[in-house]
Amino acid sequence: MISVKKEGVLLRTTDLEFENEGVLNPAVITDGKDIHLFYRAVRKGNYSTIGYCKLSDPLTVTERRTTPVLSSLMDYETHGLEDPRIVKIDDVFYMTYIAYDSKDAVGALALSKDLVTWERQGIIVPQIPYKKFSELVKANPKVNDAYQDNFNPINTVVMDKDLVFFPRRVNGKLTFLHRIKPDIQIAAVDNIADLTQEYWENYIAHLDEHILLSPKYDHEIRYVGGGCPPIETEHGWVMIYHGVKDAPVKGFEYSACVALLDLNDPTKVITRLPYPLFKPEEDWELSGDVDDVVFPTGTVVVDDTLYIYYGAADDIIAVATISLKALVDELLANR
């Protein structure tokens, strides 16, 4: 069994109004010598914006903005922008986030060429009312009945979160993960404009063909969700995701999990670890705004060291490290 090193807390809340309740779940990317970290900043009342800091090395913050870099502008994000992830594809930065309007939480996209100016592309995941969604999945006998549990009277459309792009086109296509509970799904298109309502209705009607990972092991048995952008290695894509199980006293426990996907066909899962990569153990992971949570969302690789950035207890941002080679070896040993 492989283990990670918990490096500790990287960012905490401040007295600034936009982040006085929590900082968590960061998107991380290296561009040149700088490491850029875009994080979910929460103010009281659970309103989220995207904050920013710069790192000179994976564990050292040298600059932190005192105002958000992205705030609510559109009707679909009036209550906040949550849980960003970021990659660079074809010289364009793709930042995905969860747009929340107090009723619906769905994946949205913003693009930039300089990490400063961002152009919103809107919601890019399905916007399908639950009744229509239910009809489509009920008509497909290959889909797990657990998909019927997505009904929530508050929502107007089915919740679709954890939107994560691969860091390059795969076989010429923009490829991304998203999550309709309880599974992680995968999609691939030539262009973002291809993600039409017609595309998504056909996709949901054949949902069994797009399920990448389902809950399998005890630590993820309730549901799984996308985490960090996949990491390309010679043996395949290392995919760090989160898994959720029932906790004895406090509701749920979120763990960091890992799978290995085929390099040329990431719809194929080569293997996955049968145990958590890491789970809540430290005080600042066990107790916070939401207890018992580690939620990985970004990585940096320096030589052979993989730095994993994660939200802890929905309250702070922390970092864990592991040898990337050792992790791949452990995955291959569990085939």
Side-chain angles (χ1 to χ4, degrees), residues 11 13-29 31 36-54 63-129 152 154-165 174 176 178-179 189 191-197 200 226 229 289 295 297-298 311 314 317:
L11 282 187
T13 58
T14 69
D15 292 332
L16 296 169
E17 184 180 7
F18 81 100
E19 57 181 18
N20 58 13
E21 189 165 280
V23 294
L24 59 152
N25 305 353
V28 189
I29 194 162
D31 189 45
H36 303 274
L37 190 145
F38 297 86
Y39 58 91
R40 178 180 172 186
V42 187
R43 67 177 170 90
K44 295 188 186 304
N46 192 34
Y47 288 87
S48 297
T49 55
I50 306 298
Y52 169 82
C53 67
K54 184 185 292 185
E63 177 186 330
R64 185 172 179 177
R65 279 192 52 160
T66 58
T67 56
V69 295
L70 281 170
S71 301
S72 301
L73 288 178
M74 313 303 290
D75 290 344
Y76 55 78
E77 59 190 25
T78 52
H79 215 80
L81 298 79
E82 304 178 353
D83 306 345
R85 277 82 159 186
I86 191 169
V87 297
K88 189 176 186 181
I89 306 171
D90 302 333
D91 294 323
V92 176
F93 295 98
Y94 284 60
M95 183 188 291
T96 54
Y97 62 93
I98 303 308
Y100 181 48
D101 65 359
S102 81
K103 291 183 178 181
D104 296 314
V106 285
L109 174 67
L111 303 180
S112 176
K113 290 197 172 183
D114 58 8
L115 295 174
V116 176
T117 303
W118 294 91
E119 295 183 2
R120 285 167 166 81
Q121 306 299 302
I123 296 167
I124 66 168
V125 299
Q127 297 181 73
I128 298 180
N152 186 326
I154 295 175
N155 303 145
T156 63
V157 296
V158 172
M159 186 179 295
D160 194 330
K161 302 179 73 174
D162 301 318
L163 177 59
V164 186
F165 274 82
L174 293 167
F176 61 90
H178 64 114
R179 196 279 307 280
V189 291
N191 300 289
I192 296 300
D194 296 337
L195 297 169
T196 62
Q197 186 74 4
W200 281 122
D289 193 52
F295 196 88
T297 48
D314 273 16
I317 293 169

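All figures in this text were calculated on a predicted structure; none of them were measured in a lab.
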### Message
More than 12 heavy atoms of other residues, nucleotides or ligands under 6.0 Å from CG of L73: yes or no?
### Response
yes
### Query
Listed by chain and number, what are the salt bridge (charged side-chain N to carboxylate O under 4.0 Å, His left out) partners of E17, not counting sequence neighbours?
none
### Query
How long is the gap from OG1 on T156 to CD1 on I128, to the nearest 0.5 Å?
12.0 Å
### Query
Side chains of L70 and M95: does their closest heavy-atom pair fall under 4.5 Å?
yes
### Task
Might you point out which heavy atoms bring A108 and Y76 nearest each other, and give the distance in Å?
CB-CE1, 4.3 Å
### Task
Apply side-chain contact (heavy atoms from CB on, under 4.5 Å) to I86 and F38, showing your working.
CA-CA 8 Å; I86 191 169; F38 297 86; 4.0 Å; yes
### Message
Can you confirm whether L37 sits close enough to P26 that some side-chain heavy atom of one is under 4.5 Å from a side-chain heavy atom of the other?
### Response
yes
### Query
Taking side chain as C-beta onward, heavy atoms only, is Y39 less than 4.5 Å from I317?
yes
### Message
H79: which residues meet the side-chain hydrogen bond (donor to acceptor under 3.5 Å, both in side chains) condition with it, sequence neighbours left out?
### Response
none
### Message
Rounded at 0.5 Å granularity, tell me how far CH2 in W118 sits from CG in L109.
### Response
9.0 Å
### Query
Looking only at heavy atoms, what is the nearest atom pair of S48 and V42, with distance?
OG-CG2, 3.6 Å
#### Entry: Nearest-0.5 Å distance that lies between atom CZ in F18 and atom OG in S71
8.5 Å
### Query
Which residues satisfy the side-chain hydrogen bond (donor to acceptor under 3.5 Å, both in side chains) test with Y47, sequence neighbours excluded?
none
### Query
Do the non-hydrogen side-chain atoms of L11 and C53 ever get within less than 4.5 Å of each other?
yes
### Task
Might you work through the side-chain contact (heavy atoms from CB on, under 4.5 Å) test for I124 and I192, ending with a clear yes or no?
CA-CA 8 Å; I124 66 168; I192 296 300; 4.0 Å; yes
### Message
Listing request: all salt bridge (charged side-chain N to carboxylate O under 4.0 Å, His left out) pairs with a residue in residues 91-120, at least two apart in sequence or in separate chains.
### Response
E77-R120
### Query
What is the minimum heavy-atom distance between S112 and T117, and which atoms define it?
OG-O, 2.8 Å
### Message
Checking side-chain polar atoms at under 3.5 Å, does Y52 have a donor or acceptor matched by the opposite partner on E63?
### Response
no
### Query
Side-chain contact, heavy-atom cut-off 4.5 Å: T14 with N20?
no
### Query
Any side-chain heavy atom of P229 within less than 4.5 Å of one from V164?
yes
### Query
How would you list all residue pairs meeting salt bridge (charged side-chain N to carboxylate O under 4.0 Å, His left out) that involve residues 39-50, not counting sequence neighbours?
R40-E82, R40-D83
#### Entry: side-chain contact (heavy atoms from CB on, under 4.5 Å) partners of D15, counting only residues at least two apart
none
### Message
Run the side-chain hydrogen bond (donor to acceptor under 3.5 Å, both in side chains) test against T78 and tell me which residues pass, sequence neighbours left out.
### Response
none
### Summary
Sequence neighbours excluded, the answer for ring-ring contact (aromatic ring centres under 6.0 Å, His included) partners of W200 is H178, Y203
### Task
Determine the minimum heavy-atom distance between D160 and P126, stating which atoms define it.
OD2-CD, 3.0 Å
### Which residues share a side-chain contact (heavy atoms from CB on, under 4.5 Å) with D289, sequence neighbours left out
D314
### Task
Take M159 and N152 through the test side-chain contact (heavy atoms from CB on, under 4.5 Å) and record every step on the way to the result.
CA-CA 9 Å; M159 186 179 295; N152 186 326; 5.5 Å; no
### Those residues that, when tested against V106, pass side-chain contact (heavy atoms from CB on, under 4.5 Å) (two or more places apart)
I123, V125, V157
### Message
Working to the nearest 0.5 angstrom, can you tell me the gap between R85 CZ and L163 CG?
### Response
8.0 Å
### Task
Apply side-chain contact (heavy atoms from CB on, under 4.5 Å) to E19 and T67, showing your working.
CA-CA 9 Å; E19 57 181 18; T67 56; over 6 Å; no
### Message
Using the side-chain hydrogen bond (donor to acceptor under 3.5 Å, both in side chains) criterion, which residues pair with D75? Sequence neighbours excluded.
### Response
none
### Query
Under the ring-ring contact (aromatic ring centres under 6.0 Å, His included) test, which residues partner F295, sequence neighbours left out?
H242
#### Entry: Side-chain heavy atoms of F165 within contact of T96, under 4.5 Å
yes
### Query
Taking C-beta and beyond as the side chain, do Q121 and L111 meet within less than 4.5 Å on heavy atoms?
yes
